[in-house]
Amino acid sequence: MSASGCRVRFAPSPTGYLHIGGARTALFNWLLARRLGGRFVLRIEDTDRSRHVSDSLEKILADMRWLGLEWDEGPKDASVLDSAGAAGDAGTSGDGGEGDFGPYCQSQRLAIYQEHVQRLIDAGHAYYALETPEELAAMREQARANKTDYKYRRPDPLPTPEQAQAARDEGRPVVVRLKMGDADITVTDDILGEVTLAADQLEDFVIQKGDGWPTYHLACVVDDALMKITHVLRGQEHLMNTPKHIAIQRALGFDTPNYAHLPIIFNMSGSKMSKRDKEKAIKKGEVPPEIDVHDFRASGYLPEALLNFISLLGWSTGDDTEQITLDETARRFAVEGIGKGNAKFDRDKLLSFNTDWAARVSEDRLLECFVDYLQVNDSPLADLPDATLRRMLELCKGFRTFPDVIAKIGFAFVDDSAIEYQEKAVRKVLEKNDGAGYAVLRNVVACLESLDPWTASAIEAELTNFCEANDLKLGGVAQPLRVALSGGMVSPAIYDTLELVGRDRTINRIKQTMMQGSEQA
RNA sequence: GGCCCCUUCGUCUAGAGGCCUAGGACACCGGCUUUUCAUGCCGGCAACACGGGUUCGACUCCCGUAGGGGUCACCA
């Protein structure tokens with residue numbers, strides 16, 4: 001096992017793709033495990049069947065793997081949910097090489113939770129409660145109307161097991177609540193320091209729902225203990241949950257792990273980054289912002305850049321170093337370096353990081369990511385030979401994200417007839433000065449038709465000659481050619497572009513352009 | 001609203017009483033490079049929320065105010 005005995009976990013709920021905030025939490029946990037030589041556990045918190053979204057597990061696992069955050073223990077693929085049969089009769093562990101503390105999906109651990117709840121009841125730390133959700137809501141509403149604070153009042157006397165059973169027989173839901181003591185509870189947080197919550201702020205909360213499933217609090221605490229988790233790094237939105245968790249730990253006789261609550265990530269506007277931002281943007285006809293890890297993948301970001309960027313949200317190396325590899329980050333990572341204040345997600349800076357990383361990674365790695373990008377987007381370009389893909393990447397150096405590559409050189413891979421000539425480009429480059437651009441094309445096409453071999457350097461020599469012979473600057477011939485080949489005014493270096501497009505198609509597009517010009521005239 | 005957390009350039013941050021004329025990065029502005037678009041290079045603008053203390057000395061410590069955030073479910 002691990003040298004340090006350090007065990008951390010990332011515990012997402014399967015409600016869709018992995019959220020970027022979740023990715024940051026996963027990353028910090030992964031980094032801590034790496035730094036301390038511990039184990040990184042992936043646990044799936046799927047105790048609420050009503051919120052379960054199909055395919056979520058596959059998606060989360062895929063996102064984690066795309067990021068390169070492999071887990072030492074946890075579900076290896078989504079089939080673990082099928083293999084264990086009906087949810088509830090679990091309790092088996094260590095199957096399928098997932099790890100020694102499984103199963104790692106809470107939906108397969110029901111028996112374990114119920115056993116612990118029973119222990120709590122038997123020991124007098126917990127009791128049955130008979131109020132319906134409607135009754136509780138009414139009480140809260142009443143309190144609000146009276147402008148008083150609502151707090152659940154423990155029944156006196158407590159419902160007996162017999163009364164609970166009777167209620168269940170009548171079809172009424174019965175929950176189990178934990179008895180909170182009358183002492184304040186202090187959370188010792190490795191980032192925030194000591195945070196004390198007064199006893200009167202604590203109420204007897206539900207640990208087992210009416211359907212027999214545990215609430216998040218119970219399941220989380222039981223699993224952390226059984227999975228021997230030593231460090232809990234989670235978002236600051238959990239800070240007020242921690243006293244509850246400590247209360248359960250004490251009642252069950254568990255040790256309290258080290259807690260550290262991470263600052264939260266916000267949009268530049270200061271609002272939470274949520275899936276709804278995407279819907280809102282779409283409704284307004286705007287490009288939806290990336291929110292889930294998958295969004296960034298589909299938008300053509302590199303995992304290296306994304307990881308590096310989010311590692312710096314709430315943490316810093318301590319000096320002026322910013323762009324470092326994941327391994328280097330793991331070497332330098334320390335909880336003491338994590339800040340307390342919330343951070344805003346600056347997309348411009350991410351873009352800049354991506355630009356730098358795209359220029360830094362090896363050609364092989366860049367190709368790998370590019371192919372992934374094309375495949376995720378179902379692009380027909382994914383079928384192009386590797387050599388061609390490499391050439392595209394090479395010619396577009398300096399790009400920010402992969403869509404830039406397509407925007408810049410994509411025209412080379414469409415039918416000649418599919419080229420759309422932009423009005424502005426045609427006007428500025430071809431029609432201006434009584435069609436000077438068209439004249440250049442007319443003259444240059446003859447040179448190109450007879451050129452052999454068709455290589456960038458041969459093309460360069462030919463065009464240089466052509467410029468001298470016709471008293472033109474290179475721009476005077478490059479721009480008309482660019483418009484003829486691409487329909488617009490942007491492309492990689494012109495010699496390379498001609499080479500890539502090929503002689504036949506180059507000639508064809510030039511002629512096609514001239515024809516359109518004469519039709520206009 | 002109660003409770004809790006936070007507060008250095010627009011943004012991410014460095015700073016752990018004199019090293020601060022507050023450093024870096026992104027963004028922004030200007031210039032250079034360039035056959036287009038990018039990239040690259042050089043320069044510039046820009047912050048210690050406010051008010052009290054403590055101290056010879058406060059960005060750094062304490063208190064208050066203001067602002068921001070989190071949380072108050074049979075959701076996690």
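Atom set for the values below is all heavy atoms of this structure, side chains included, hydrogens, waters and symmetry mates excluded. Only a predicted model underlies this, so the values are computations on that prediction, with no experimental measurement involved. Naming: A, B, ... by sequence-line order, numbering from 1 per chain.
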Trainee: At the 4.0 Å heavy-atom cut-off to chain A, mark where contacts on RNA chain B begin and end, going 5' to 3'.
Mentor: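 For RNA chain B, the relevant span reads B/G2 to B/A76.
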Trainee: For B/G64, give the paired nucleotide (Watson-Crick: N1-N3 plus N6-O4 or O6-N4; G-U: N1-O2 and O6-N3; both under 3.5 Å), or none.
Mentor: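 Base-paired to B/C50.
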Trainee: Mind checking if A/Thr317 touches a base, just sugar-phosphate, or nothing, with heavy atoms under 4.0 Å?
Mentor: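 The answer is nothing, as A/Thr317 stays clear of every strand by at least 4.0 Å.
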Trainee: Roughly how far apart, to the nearest Å, are B/U8 and B/A49 at atom P?
Mentor: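 Between the two P atoms, the distance is 6 Å.
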Trainee: Taking the six-membered ring for Trp, are the ring centroids of A/Phe28 and A/Trp315 within less than 6.0 Å of each other?
Mentor: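 No, too far apart.
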Trainee: Please state the P separation for the pair B/U54 and B/U7 - nearest whole angstrom.
Mentor: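 Their P atoms lie roughly 24 Å apart.
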Trainee: Heavy atoms only, 4.0 Å cut-off, all strands: where does A/Ile494 land among base, sugar-phosphate and nothing?
Mentor: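 Since a base atom lies under 4.0 Å of A/Ile494, the category is base.
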Trainee: Are there over 12 heavy-atom neighbours, none belonging to A/Glu420, within less than 6.0 Å of that residue's CD?
Mentor: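 Counting other residues, nucleotides and ligands, CD of A/Glu420 stays at 12 neighbours or fewer.
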Trainee: Quick check on the 6.0 Å ring-centre criterion: do A/His238 and A/His261 meet it?
Mentor: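 No, they do not, as the ring centres are separated by 6.0 Å or more.
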Trainee: Students often get this wrong, so: under 4.0 angstrom with heavy atoms, is A/Lys397 touching a base, only sugar-phosphate, or nothing?
Mentor: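 It contacts base atoms.
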Trainee: So which heavy atom on A/Ala199 is nearest to which on A/Asp184, and how close?
Mentor: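 Scanning both residues completely, I find the closest heavy atoms to be N-OD1, 2.8 Å.
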Trainee: What's the gap between B/A16 and B/A73 when it is taken at their C1' atoms, as a whole Å value?
Mentor: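 After rounding to an integer number of Å, I get 41 Å for this pair.
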Trainee: Within a strict 4.5 Å, meaning less than it, do heavy atoms of the A/Tyr104 and A/Val80 side chains meet?
Mentor: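 They are not in side-chain contact.
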Trainee: Which is true for A/Phe266 with a 4.0 Å heavy-atom rule: it touches a base, it touches only sugar-phosphate, or it touches nothing?
Mentor: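 Sugar-phosphate, backbone atoms only, no base.
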Trainee: Does any nucleotide pair with B/C32 by Watson-Crick or G-U wobble geometry, both distances under 3.5 Å, and what is it?
Mentor: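 In the structure as shown, B/C32 has B/G40 as its Watson-Crick or wobble partner.
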Trainee: Is the distance between the ring centroids of A/Phe296 and A/Phe345 less than 6.0 Å?
Mentor: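 That pair passes the under 6.0 Å test.
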Trainee: Could you tell me whether A/Lys344 sits above the aromatic face of A/Phe266, with NZ or CZ closer than 6.0 angstrom to the six-membered ring centre and within 45 degrees of the axis?
Mentor: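 So A/Lys344 doesn't make the cation-pi contact.
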Trainee: Which is true for A/Ala493 with a 4.0 Å heavy-atom rule: it touches a base, it touches only sugar-phosphate, or it touches nothing?
Mentor: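 Touches a base.
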Trainee: Please work out if A/Arg140 contacts a base, only the sugar-phosphate, or nothing of the nucleic acid, heavy-atom cut-off 4.0 Å.
Mentor: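 Contact class for A/Arg140: sugar-phosphate only.
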Trainee: Could you check A/Gln106 against A/Arg109 for side-chain hydrogen bond (donor to acceptor under 3.5 Å, both in side chains), going step by step and ending with a plain yes or no?
Mentor: CA-CA 5 Å; A/Gln106 293 187 329; A/Arg109 300 171 65 82; over 6 Å; no
Trainee: Describe the nucleic acid contact of A/Pro263 in one word from base, sugar-phosphate, nothing, applying a heavy-atom distance below 4.0 Å.
Mentor: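 Contact class for A/Pro263: none.
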Trainee: If you find the nucleotide of RNA chain B closest to A/Gln201 and the one closest to A/Gln106, which residue's nucleotide is nearer the 5' end?
Mentor: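 Comparing both residues, the 5'-ward one is A/Gln201.
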Trainee: Touch check for A/Gly314, heavy atoms < 4.0 angstrom, all strands: base, sugar-phosphate only, or nothing?
Mentor: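 A/Gly314: backbone/sugar contact only, no base atoms under 4.0 Å.
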Trainee: Considering only atom P, compute the distance from B/C32 to B/C6 and round it to an integer number of Å.
Mentor: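 The same atom, P, in both gives a distance of 49 Å.
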Trainee: Can you tell me how far C1' in B/G15 sits from the matching atom in B/A25, rounded to whole Å?
Mentor: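 Here B/G15 and B/A25 have their C1' atoms 16 Å from each other.
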Trainee: Counting the atoms with a prime plus P, OP1 and OP2 as sugar-phosphate, which does A/Lys272 contact under 4.0 Å by heavy atoms, base, sugar-phosphate, or nothing?
Mentor: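 Contact class for A/Lys272: sugar-phosphate only.
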Trainee: Find which nucleotide of RNA chain B each of A/Gln479 and A/Ile264 is nearest to by heavy atoms, and output the residue with the more 5' nucleotide.
Mentor: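 Whichever sits nearer the 5' end wins; that is A/Gln479.
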Trainee: For B/G2, which nucleotide is its Watson-Crick or G-U wobble mate, given both distances must be under 3.5 Å?
Mentor: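 Base partner found: B/U71.
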Trainee: Need one value for A/Thr196: base, sugar-phosphate or nothing, where a base atom within 4.0 Å counts as base even if backbone is also close, heavy atoms only.
Mentor: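 Sugar-phosphate only.
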Trainee: Could you check whether A/Gly235 gets within reach of a base, just the sugar-phosphate, or nothing at all, counting any heavy atom under 4.0 Å?
Mentor: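 Nothing: the residue A/Gly235, judged by heavy atoms under 4.0 Å, touches no strand.
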Trainee: Applying the Watson-Crick and G-U wobble criteria at under 3.5 Å, what pairs with B/C20? Answer none if nothing qualifies.
Mentor: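 Across any shown strand, B/C20 pairs with none.
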Trainee: With a 3.5 Å limit on both atom pairs, tell me what B/G10 is paired to, counting Watson-Crick and G-U wobble, or say none.
Mentor: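 B/G10 is paired with B/C26.
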Trainee: Using a 4.0 Å heavy-atom cut-off across all strands, classify A/Met268 as base, sugar-phosphate, or nothing.
Mentor: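 If one applies the 4.0 Å heavy-atom cut-off, A/Met268 turns out to touch the sugar-phosphate alone, with no base involved.
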Trainee: When the C1' atoms of B/A66 and B/A46 are considered, how many whole Å apart are they?
Mentor: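 It works out to 23 Å between them.
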Trainee: Is A/Asp319 atom CG crowded by more than 12 heavy atoms from other residues, nucleotides or ligands, each under 6.0 Å away?
Mentor: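 Correct, the count exceeds 12.
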Trainee: Under 4.0 Å, heavy atoms only, any strand: does A/Ser491 hit a base, just the sugar-phosphate, or nothing?
Mentor: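 Contact class for A/Ser491: base.
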Trainee: Distance between the P atoms of B/G64 and B/G24, in whole angstroms?
Mentor: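 The answer is 36 Å between these two P atoms.
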Trainee: On a whole-Å scale, what distance lies between the P atoms belonging to B/U60 and B/C48?
Mentor: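 Each nucleotide's P atom is 12 Å from the other's.
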Trainee: Across the strands shown, which category fits A/Lys344 at heavy-atom distances under 4.0 angstrom: base, sugar-phosphate, nothing?
Mentor: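 Sugar-phosphate, backbone atoms only, no base.
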